Peer 1: 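First the structure, which I've put down as structure tokens, then a few questions once you've had a look.
Chain identifiers are assigned alphabetically (A, B, ...) following the order of the sequence lines, protein sequences preceding nucleic acid strands; residue numbering begins at 1 within each chain. What you see is a predicted model, and the numbers here were worked out from it, not measured in a lab.
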Amino acid sequence: MYRSHTCGELRIADAGKEVTLAGWVQRVRKMGSLNFIDLRDRYGITQLVANEDENKEINAMVEKLGREFVIQARGVVTERQSKNSKIATGDIEIKLLEVKILNAAATPPFTIEDNTDGGEDIRAQYRYLDLRRNPLKKALELRHKMAHEVRNYLSNVGFMEIETPYLIKSTPEGARDFVVPSRMNPGDFYALPQSPQTFKQLLMVAGYDRYFQIVRCFRDEDLRADRQPEFTQIDCEMSFVEREDILNTFEGLAKSLFKNVLGKEFPEAFPRMSYADAMEYYGSDKPDIRFNMKMNNITAQMQGKNFSVFDAAEYIGAIVVPGCAEYTRKQLDELTEWVKRPQVGAKGLVYIKLGPDGSIKSSIDKFYTPQELKAVADKIGATGGDLIFILSGDKKKMQGALGTLRLEMGNRLGLRDNSVFAPLWVCDFPLLEWDDETQRFYAMHHPFTAPKPEDMGKFFSNKKEDLEQVNANAYDFVLNGTEVGGGSIRIHDSKIQERMFEVLGFSKEDADYRFGFIINAFKYGAPPHGGLAFGFDRFCSLFGGQETIRDYIAFPKNNNGRDVMLDAPSGIDQIQMDELFLKSIAPVK
RNA sequence: GGUGCGGUAGUUCAGCUUGGUUAGAAUACGUGCCUGUCACGCACGGGGUCGCGGGUUCGAGUCCCGUCCGCACCGCCA
């Protein structure tokens, strides 16, 4: 037996017991003939004490210890003379009788503490050491708890967890696929799934009317703090359901996560917003509604006053920044530079300051009378002490830019508190997006998404304008401005599915080659169905209050998709190469 | 594919604007002292390919060019 207790469980009630602990040496504090050791394991830290008065040889053993040594310690639980309220075991310590080194350790390259001195790079290289630290341990515990709660909730409402394959067929529409060469089928490749989309729909055809899976998905695209090449989805699908059934079911799942993981109750239904409204009022398809500061279209009010910049603009939008009328010239100049950055893309920033005394000062005083500016302020609900920002130009671009500015002002005013949660359903996305470059439509969600029933007429029209107006029966789950889930009612009629491929410009042969299996399956009794997938890593990071999902993945990839610990990806040896490629692809004589 | 910031002891950083003696600090590490520490304290010590390559210069950590790596973002992510 290596240990009788963990390093997190002994309390004052255990005083007098002889116990054996095992763990890692966090720190040794040597005080001459009285020495302390903090012993750490997954469960906590327990202080060991070596007192020469009571045990003559004990300090000789302690002398040999270094940071991160793995030791076994036998001793007696004793009440501390001076307690430490910072740790759960802080009322007791173990008076050492014996210390055994189970394994020595090299000095770690960074300190294994909550506030480590190590940078991201070195910690990624030694991920197994970084994972010993509390913040990462807490993150993985949160993830485990969430996964457990998901399985619990969904199982209780009749969902079956079914695994689907990782080696599948490449369907190069949307994100790039990771591909895997097949040794037994020289020259052919598997693809790793971007999502189990088609499989879950086939499971519906097969009659497994409530399916879920916590499943790894793969996308060979550039990374971000919240995007990894392999990531995890909570993938779900249901049969004989309409949109309401799906939203209710997964709103229930989200609420149970909030309640059982974070202890937060959401008695009301989550708010809903159309895609059109999201773009109009927040300049984003994933609005952060933790704060208001909605965008206003003031194009009509501002035009016709001989201000050529505004008169030439397709769109003029404004946000009211509460209580910021005191902004200095320097602050305004800095924000003007900020919106001009390519990432935001505005040409300039117009402001109107509404003094608390009713005075009005703006960067467009030359073109507008105070009365005209006051009328605009009244219309958008700005009052004394507020600051109005106005952007103008191309509608789509400026809505995006104003939305970005809105988020930035939210940040600067501290309105985006990570301990506050504002869930939201965004619905009624356009079904199709026209791409000028390739001169064809792309599915905004994916090609299995059903058009809304009332738009079916337009869906079969051959006019581009009609098709552009078709809405999808799709919905996103948005939390604090992050898209954490998305789904749709699917097409279950093979005629409509064929029409979809036609609209997307696939020839019959093309569609058959790529998706023949599903078109075929739909001919054998596909039930009406739909579903949703949550981005599990993002869900965890939001719950944990972090921006990056890396902390919630035990062994993540870096910015360039590399695993710096393994040094992967890497070359393979010639024998492997020959078996996979060269024999078949190189000309054989 | 693009933009920005960064790369200097094991680690985190300062030094670079204005080139010039032996490149500093903190922490970690080592040695010694220390009986109530818990970020223990005190003293002493060891520790550097200034990412890499090239250029300018009498002289480059510092200036210029290229390149590699890291982070954030844009494009991309059906």
Peer 1: Would you kindly give the CG-to-P distance between A:Asn35 and B:C33, to the nearest whole Å?
Peer 2: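 The answer, rounded to whole Å, is 12 Å.
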Peer 1: Measure CG/A:Asn559 against P/B:C74 and give the value in whole Å, please.
Peer 2: 12 Å
Peer 1: Please give the distance between the C1' atoms of B:G6 and B:C13 as a whole number of Å.
Peer 2: 12 Å
Peer 1: A:Gln213 and side chain to side chain donor-acceptor pair (under 3.5 Å): which partner among A:Thr232, A:Thr164, A:Asp235?
Peer 2: A:Thr164
Peer 1: Planes under 30° and centres closer than 5.5 Å, is that true for A:Phe36 with the base of B:U37?
Peer 2: yes
Peer 1: Grab the CZ-P distance between A:Arg341 and B:C5 for me, whole Å please.
Peer 2: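 In whole Å, B:C5 P and A:Arg341 CZ are 12 Å from each other.
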Peer 1: Strictly by Watson-Crick or wobble contacts shorter than 3.5 Å, is anything paired with B:C71, and which nucleotide is it?
Peer 2: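 Pair assignment: B:C71 / B:G4.
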Peer 1: Using the P atom in both, what is the distance from B:C50 to B:C40, to the nearest Å?
Peer 2: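 Approximately 34 Å lies between the P atom of B:C50 and that of B:C40.
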Peer 1: Is there a donor and acceptor pair closer than 3.5 Å between the side chain of A:Arg227 and the base of B:C76?
Peer 2: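 It does, because a donor-acceptor pair links the side chain of A:Arg227 to the base of B:C76 below 3.5 Å.
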Peer 1: May I ask you to verify whether the side chain of A:Gln343 and the base of B:U3 hold a donor-acceptor pair under 3.5 Å?
Peer 2: no
Peer 1: Under the 3.5 Å rule, do the base of B:G75 and the side chain of A:Asp222 count as making a donor-acceptor pair?
Peer 2: yes
Peer 1: Regarding B:G36, can its base be found pairing with the side chain of A:Glu93 as donor and acceptor, where the two atoms are less than 3.5 Å apart?
Peer 2: yes
Peer 1: Please answer whether the main-chain N or O of A:Cys236 pairs with a side-chain N or O of A:Lys200 as donor and acceptor at a distance below 3.5 Å.
Peer 2: yes
Peer 1: Less than 6.0 Å separating the ring centroids of A:Phe69 and A:Trp24?
Peer 2: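 Judged by ring-centre distance (under 6.0 Å), A:Phe69 and A:Trp24 do not meet the cut-off.
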Peer 1: Within this structure, what is the CZ-to-C1' distance between A:Arg40 and B:C38, rounded to whole angstrom?
Peer 2: 15 Å
Peer 1: With rounding to whole Å, what would you report as the distance between B:C76 and B:G2 at their C1' atoms?
Peer 2: 12 Å
Peer 1: Tell me whether A:Lys169 forms a cation-pi arrangement with A:Tyr513, defined as NZ or CZ under 6.0 Å from the six-membered ring centre and within 45 degrees of its axis.
Peer 2: yes
Peer 1: Could you tell me the Watson-Crick or G-U partner of B:G36, where both distances fall under 3.5 Å? Say none if there is no partner.
Peer 2: none
Peer 1: I'd like to know if A:Arg562 reaches the base of B:G70 with its side chain, counting only an N/O donor and acceptor under 3.5 Å.
Peer 2: no
Peer 1: Taking CZ from A:Arg123 and C1' from B:C69, how many angstroms apart are they, rounded to a whole number?
Peer 2: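 Distance, rounded to whole Å: 17 Å.
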Peer 1: Is the phosphate of B:C40 approached by A:Arg29 (side-chain N or O, under 4.0 Å from OP1 or OP2)?
Peer 2: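 Affirmative; the distance criterion is met.
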Peer 1: Please verify the inter-ring angle class for A:Phe501 with A:Phe506; under 30° counts as parallel, over 60° as perpendicular, anything in between as tilted.
Peer 2: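 Aromatic pair A:Phe501/A:Phe506 classed parallel.
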Peer 1: Under 3.5 Å, is there a donor-acceptor pair between the side chain of A:Gln228 and the main chain of A:Lys557?
Peer 2: yes
Peer 1: Taking atom C1' in both B:C68 and B:G24, compute the distance separating them and give it to the nearest angstrom.
Peer 2: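 Those two atoms are separated by 28 Å.
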Peer 1: Does the structure place the NZ or CZ of A:Arg132 under 6.0 Å from the centre of the six-membered ring of A:Tyr128, at an angle of no more than 45° from the ring's axis?
Peer 2: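 No, A:Arg132 does not sit over the ring of A:Tyr128.
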Peer 1: Between B:C77 and B:U17, how many Å separate the two P atoms, rounded to a whole number?
Peer 2: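 My reading of the P atoms in B:C77 and B:U17 gives 44 Å.
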Peer 1: Using a strict heavy-atom distance below 4.0 Å, which residues from residues 473-498 of chain A are in contact with RNA chain B?
Peer 2: none
Peer 1: Side-chain donor or acceptor of A:Arg27 under 3.5 Å from a matching atom on the base of B:C40?
Peer 2: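 Under the 3.5 Å cut-off, the side chain and the base do not form any donor-acceptor pair.
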Peer 1: Reading RNA chain B from 5' onward, which residue's closest nucleotide shows up sooner: A:Tyr442 or A:Arg80?
Peer 2: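 So the residue in question is A:Arg80.
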Peer 1: In whole Å, what is the span from the CZ atom of A:Arg133 to the C1' atom of B:U12?
Peer 2: 13 Å
Peer 1: With rounding to the closest Å, how many angstrom separate the P atoms on B:A72 and B:G32?
Peer 2: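 That atom pair is separated by 44 Å.
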Peer 1: Would you mind pulling out the nucleotide paired to B:U18, Watson-Crick or G-U wobble, both distances under 3.5 Å?
Peer 2: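 Pairing partner: none.
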Peer 1: Using whole Å, report how far NZ of A:Lys30 lies from C1' of B:U37.
Peer 2: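 Checked: the NZ to C1' distance equals 14 Å.
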Peer 1: My understanding is that a pair needs two contacts under 3.5 Å, Watson-Crick or G-U wobble. By that rule, which nucleotide pairs with B:A25?
Peer 2: B:U12
Peer 1: What does B:C52 pair with, Watson-Crick or G-U, if both distances are under 3.5 Å?
Peer 2: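 Checking every strand shown, B:C52 finds its partner in B:G66, with both distances under 3.5 Å.
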Peer 1: Using only heavy-atom distances, decide whether a donor-acceptor pair under 3.5 angstrom links the side-chain of A:Ser33 to the base of B:C34.
Peer 2: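 No, no donor-acceptor pair under 3.5 Å.
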Peer 1: Roughly how many Å apart are B:A9 and B:G48, using the C1' atom of each and rounding to a whole number?
Peer 2: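 Those two atoms are separated by 5 Å.
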Peer 1: Any side-chain to backbone donor/acceptor pair from A:Arg127 onto A:Ala554? Under 3.5 Å, distance only.
Peer 2: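 Yes, A:Arg127 side chain to A:Ala554 backbone: donor-acceptor pair under 3.5 Å.
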Peer 1: Between B:U22 and B:C64, how far apart are the P atoms? Round to whole Å, please.
Peer 2: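 Here B:C64 and B:U22 have their P atoms 25 Å from each other.
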Peer 1: Output yes when a side-chain donor or acceptor of A:Thr482 lies under 3.5 Å from a complementary backbone atom of A:Val484, and no otherwise.
Peer 2: no
Peer 1: From CG of A:Asp130 over to C1' of B:U11, roughly how many Å is that when rounded to an integer?
Peer 2: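 Computing the A:Asp130:CG to B:U11:C1' distance gives 13 Å.
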Peer 1: Counting N and O atoms only, with roles assigned by atom type, does the side chain of A:Asp455 sit under 3.5 Å from a partner on the main chain of A:Asn471, one being a donor and the other an acceptor?
Peer 2: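 Looks like yes, one N/O pair under 3.5 Å.
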Peer 1: Any strand counts, and the cut-off is 3.5 Å on both contacts for Watson-Crick or G-U wobble. Which nucleotide pairs with B:U57?
Peer 2: none
